Amino acid sequence: MSTDKTLAQRDASCLWHPYTQHKTAPSHIAITKAEGAKVWDENGKEYIDAIASWWVNPYGHSNKYIADAIYKQLTTLEHVLFGGFTHEPAILLAERLLPLLPDNQKKLFFSDNGSTAVEIAIKVALQYFYNKGEKRSKILAFENAFHGDTFAAMAASGISFFTEAFRGSLIEVERIPVPVFGKEEESIAALKTLAATGEYAAFIFEPLVQGAAGMVMYDAAPLDELIAICRDNNIFTVADEVMTGFGKTGKNFACNYLTQQPDMICLSKALTAGTIPMAITTFTQELFDGFYDDDVNKALFHGHTFTGNPTGCAAALAGLDLLESVEMQENIARINNRHHQFLEKIKRHRRVANPRVCGVILAFDVKRDSVESYYGNFRNRLYNFFIEKGIIMRPVGNTIYVLPPYIISEQELTYIYEVVEEALEKIM
Ligand SMILES: *Cc1c(COP(=O)(O)O)cnc(C)c1O
């Protein structure tokens with residue numbers, strides 16, 4: 001291995017990155033170390049991770065408490081197959097997690113990432129009706145939703161340029177408007193019409209915040225209505241909490257704001273505190289019972305090699321310890337307060353539109369003369385400006401958002417706000 005080349009150069013000759021057009025993308029920044037809310041690149045430059053590394057890392061990088069739990073598990077029982085076998089970390093995690101979710105959630109199924117958590121929810125909804133001999137093969141979802149990149153998850157996702165090439169191979173999905181302020185009735189009316197056709201097996205949604213769409217926020221009340229309509233029409237509801245789970249919205253789960261209860265919940269991202277890839281889909285007893293039969297063909301024939309990995313479970317259990325600690329709950333409230341103060345300050349700025357906060361998530365749109373695409377030039381200018389200033393942020397189109405690790409310091413948060421204000425003056 002040659003040592004006269006940088007990591008970025010060596011990367012360019014052998015790696016293929018996600019969501020990247022390699023012909024036009026700048027070279028990748030090689031990170032060599034991370035701690036708390038900070039990461040360092042191979043030249044020693046420091047960055048604040050203002051988006052918790054794609055929302056996975058709420059308790060800080062290289063967290064010792066999580067690392068110790070993983071090490072202990074690795075040296076006790078690192079992995080064992082989950083078909084025909086079980087283990088205490090998986091049982092403990094189910095026993096601890098299910099009571100934190102709406103109380104109709106009774107069964108927990110493991111997989112490896114957010115997309116597979118969604119894939120499983122959709123397969124379960126479709127097979128539930130198949131097992132009963134009913135034909136319900138379509139899915140309902142919101143406009144501009146993001147549910148992942150595997151086939152069923154991609155079908156449910158509404159960001160068109162992500163999925164355009166595969167259109168002919170996807171399951172049928174119908175979209176309704178997101179019930180953002182002022183559009184509640186339109187959304188509810190659209191769902192009522194479609195639900196009445198009896199063709200839909202499930203309605204999947206990101207509760208309260210659509211992450212990848214650019215932190216689009218809406219209230220719990222219209223979502224409660226949408227869930228109730230689905231219940232009345234025998235359509236299962238799937239809350240995709242892959243992004244919103246584990247404190248991001250201010251409560252442990254976005255579903256904790258609802259009075260209605262979804263039938264399935266998808267979790268991943270922050271589940272293992274940013275360490276081991278793992279995901280969970282939870283179900284009601286009714287859904288589980290739809291597969292419980294003397295006929296083996298009615299079982300859920302879905303699994304992954306690393307299903308229920310004990311090391312991932314140990315990381316998730318340690319993550320729950322941290323999430324439920326007084327310190328972390330105070331951090332979440334602290335960040336929410338600071339976000340509100342900052343929005344007060346900038347909301348009348350001539351370039352700020354649609355300022356919004358939910359839990360630790362702050363977002364607003366930057367007013368521009370022309371509208372550019374998701375990965376357009378303006379977005380790249382913002383991104384590069386933040387990187388130059390030592391902040392990792394990924395604006396979505398003209399939306400700037402901050403979703404920091406909960407342990408971020410007051411100084412680090414202040415610095416992010418200052419640089420955001422500077423961007424509003426400098427980046428046109
Ligand atoms: C990130 C995300 C997914 C996909 O998760 P992966 O782990 O990237 O497959 C699904 N749903 C939502 C809401 C997400 O934010």
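Just so you know, these numbers use all the heavy atoms, side chains as well, and skip hydrogens, waters and symmetry mates. In listed order, ligands and their atoms are each counted from 1. Given the structure is predicted, the values throughout are model-derived calculations rather than measurements.
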So is Trp54 touching ligand 1 or not, going by heavy atoms under 4.0 Å? no
What about Tyr401 and Phe364, are their ring centers closer than 6.0 Å? no
Using the ring of each side chain (for Trp, its six-membered ring), is Phe82 parallel, tilted or perpendicular to Phe110, with breaks at 30° and 60°? perpendicular
Need the ligand 1 atom indices (1-based, order shown) with element for anything under 4.0 Å from a heavy-atom of Asn113. 7 (O), 9 (O)
Would you mind listing which atoms of ligand 1 come within a distance below 4.0 Å of any non-hydrogen atom of His147? 10 (C), 11 (N)
Would His79 and His87 count as a close aromatic pair, with their ring centres under 6.0 Å? no
If you measure every N/O of Gly114 against every N/O of ligand 1, is any gap under 3.5 Å? yes
If you have a sec, work out which protein heavy atom is nearest atom 11 (N) of ligand 1 and how many Å separate them, to one decimal? Asp240 OD2, 2.7 Å
Side chains of residues 210-223: which donor-acceptor pairs under 3.5 Å do they make with residues two or more places apart or in other chains?
residue, atom, partner, partner atom, Å
Gln210, NE2, Glu143, O, 3.1
Tyr218, OH, Glu206, O, 2.6
Tyr218, OH, Leu208, N, 3.3

Parallel, tilted or perpendicular: which describes the rings of His304 and His302, with under 30° parallel and over 60° perpendicular? perpendicular
Proximity flag Lys269 to ligand 1, non-hydrogen atoms under 4.0 Å: yes
Short N or O distance, Glu206 and ligand 1, threshold 3.5 Å exclusive: no
Is any side-chain N of the basic residue among Arg10 and Glu42 closer than 4.0 Å to the acidic one's carboxylate O? no
